[in-house]
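Comments concern the structure below.
Chain letters run A, B, ... following the sequence lines, proteins first, then strands; residues in each count from 1.
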4 protein chains.
Amino acid sequence: MFQLDVRSRKPIYEQLVDKIKELIITQILKPDEQLPSIRMLSSQLTVNPNTIQRAYRELENQGYLYSIKGKGNFVAAIEHMPNEQKLTELKAEIKKLIAEAIYLGLTKGDLDVLFFEVNHTNKGDNSDDTSSIRK
Amino acid sequence: MFQLDVRSRKPIYEQLVDKIKELIITQILKPDEQLPSIRMLSSQLTVNPNTIQRAYRELENQGYLYSIKGKGNFVAAIEHMPNEQKLTELKAEIKKLIAEAIYLGLTKGDLDVLFFEVNHTNKGDNSDDTSSIRK
Amino acid sequence: MFQLDVRSRKPIYEQLVDKIKELIITQILKPDEQLPSIRMLSSQLTVNPNTIQRAYRELENQGYLYSIKGKGNFVAAIEHMPNEQKLTELKAEIKKLIAEAIYLGLTKGDLDVLFFEVNHTNKGDNSDDTSSIRK
Amino acid sequence: MFQLDVRSRKPIYEQLVDKIKELIITQILKPDEQLPSIRMLSSQLTVNPNTIQRAYRELENQGYLYSIKGKGNFVAAIEHMPNEQKLTELKAEIKKLIAEAIYLGLTKGDLDVLFFEVNHTNKGDNSDDTSSIRK
DNA sequence: GTGGTCTAGACCACA
DNA sequence: GTGGTCTAGACCACG
């Protein structure tokens, strides 16, 4: 299900957070859908249960999941997310990265392409059209 | 010269890397210009010299600086940078962040504004055409 | 009858305890009144019977209910409650929370409003003088 | 320094969170003051370092602390706290508890006393007057 | 020295 | 069965 790089500088739990966040953002995981149990993922990925739990807890703190003792972890609806401040941070980060990319030679055309791809990969809130570029 | 936030989760050396990178990108620091010595920065910022050195080393690894033993650290020219791979990474990262921002409610209009700001900021400083720095 | 929030961190049995306690406190459930049977509540709320039982047991331990084998669960009269110690605990807890709220910026005015609301809500329902229920 | 009850239903890390929060609220711990290191507390309380860290991390998430790798954990200034939503929750909780206390026999006089104590224990932001009831 | 991550494995609470 | 807590102990990153 996931590809983890244990030798990476990025902690395993963070890699997990990113992967799962991506699945939620691209709506591959729908709101209220159940995630694999900690123990299942743990054995599938041969990663300690505590590490999986750490990732799930982090996603819960960020508002992407909710957890029910005895039942499992579930995808949170977007409404339950504290997104104002987060958005401001994200915009600043994006601007920084684009500035760096331009310095390294990103052309206006490249940016347009990138911009176009994003619009068509992630098409609003409730698309029947899941013709996404990502598999 | 710099504003460091000791409270931030981001390590100090990383904050330094980001700040210096920003000065280079916005061309406040020009190619082949000399950076302040480790000792000077260290005492100015009241930061451990090791930490400054760590930041300089990191920037050198990323191709933003080159160092000459006994003389100091200098801004690298863009031509000397390994930017193909870096650019690919950056584009992927930017796309990921924009996708996340859209999920959190960023509108098309917001994106246009952000896009405009980036173009405007970078054009103003150094060139009237960023579309052909490379290839 | 009840609204349970499955997404809450709070276990379902605890949510049940709180709701029922509230009904007793606001005297919507009167002393010696019978509560719905475990099976009924269970099927109405689509909650595991064990969970309902757990809540009833908890309320019995706290003195809010008494149960008669083969007949059901009933609201306990206030006289039968061990409230001295409980009151002391509650007062300590309330003081702690108010102190925290003040630290987070609660003003004296806010407190007065809150104070007023409590008095008003409780007076309206059952008595014109709450100052002498006990001792 | 702290009194922990390992047999309590309340997890150790939560007991720690509560104790430390209290020290911060009563301003016994001042902003930017350093907390005991994880390992020191760990050995003093004969509690596993991970458990202490869990408590510190929780306090950081709630905005009461900030942590610097390699340096330690520090008390956060109040300005850095997300207190709007928190305050609303606290007020609701306080009202609930007062209602319960009144049901159990809390008199108006008791409430006045309690109210008075709080005001004089926690006297605004910057008191020279530390004549607090709490030791 | 500090905090951060991860593992192996135990035991408890909830549904 | 699920998640939550805790321990013992190892190793890494930071300053």
Tell me which of C:Asn48 and B:Arg9 sits closer to the 5' end of DNA chain E, going by the nucleotide each one is nearest to. B:Arg9
The answer to which of A:Gly70 and D:Met40 contacts DNA chain E further toward the 5' end, by nearest nucleotide, is D:Met40
With sequence neighbours left out, write down each residue that passes side-chain hydrogen bond (donor to acceptor under 3.5 Å, both in side chains) with B:Glu89, or none if nothing qualifies. B:Gln85
Report the residues that fulfil side-chain contact (heavy atoms from CB on, under 4.5 Å) with B:Lys71, sequence neighbours left out, ordered by chain and then residue number. B:Ile68, B:Phe74
Hits for side-chain hydrogen bond (donor to acceptor under 3.5 Å, both in side chains) against D:Asp32, two or more places apart or cross-chain, chain-then-number order -> D:Tyr66
Toward the 5' end of DNA chain F, by each residue's nearest nucleotide, D:Arg39 or A:Ile68: A:Ile68
Please list, in numerical order, the residues of residues 50-58 of chain B that have a heavy atom closer than 4.0 Å to any atom of DNA chain E. none
Which is the 5'-most and which the 3'-most nucleotide of DNA chain F that has an atom under 4.0 Å from a heavy atom of chain A? F:dG1 to F:dC6
Please list, chain by chain and in numerical order, all residues satisfying side-chain contact (heavy atoms from CB on, under 4.5 Å) with A:Leu87, sequence neighbours excluded. B:Ala101, B:Leu104, B:Leu106
So, using side-chain hydrogen bond (donor to acceptor under 3.5 Å, both in side chains) as the criterion, who are the partners of B:Glu58 when residues are at least two apart? B:Gln62
Figure out the CD/P separation between D:Glu14 and E:dA13, and round it to whole Å. 14 Å
Return the set of residues passing salt bridge (Lys or Arg N to Asp or Glu O under 4.0 Å) with D:Glu60 (not counting sequence neighbours), or none when no residue passes. B:Arg9
Just by distance, do the side chain of B:Ser8 and the backbone of B:Asp5 share a donor-acceptor pair under 3.5 Å? no
Residue pairs passing the salt bridge (Lys or Arg N to Asp or Glu O under 4.0 Å) test with at least one member in residues 33-55 of chain C, sequence neighbours excluded, are none
Going by the rule salt bridge (Lys or Arg N to Asp or Glu O under 4.0 Å), which residues pair with C:Lys21 if we only count those two or more places apart in sequence or in a different chain? D:Glu100
Secondary-structure notation, DNA chain E, from Watson-Crick and G-U pairs under 3.5 angstrom (| other strand): ||||||||||||||.
Keeping the roles fixed (side chain from C:Thr88, backbone from C:Glu84), state whether a donor-acceptor pair exists under 3.5 Å. yes
Who are the salt bridge (Lys or Arg N to Asp or Glu O under 4.0 Å) partners of C:Lys10, not counting sequence neighbours? C:Asp18
Under 4.0 angstrom, heavy atoms only, what part of the nucleic acid is B:Val47 near: base, sugar-phosphate, or nothing? nothing
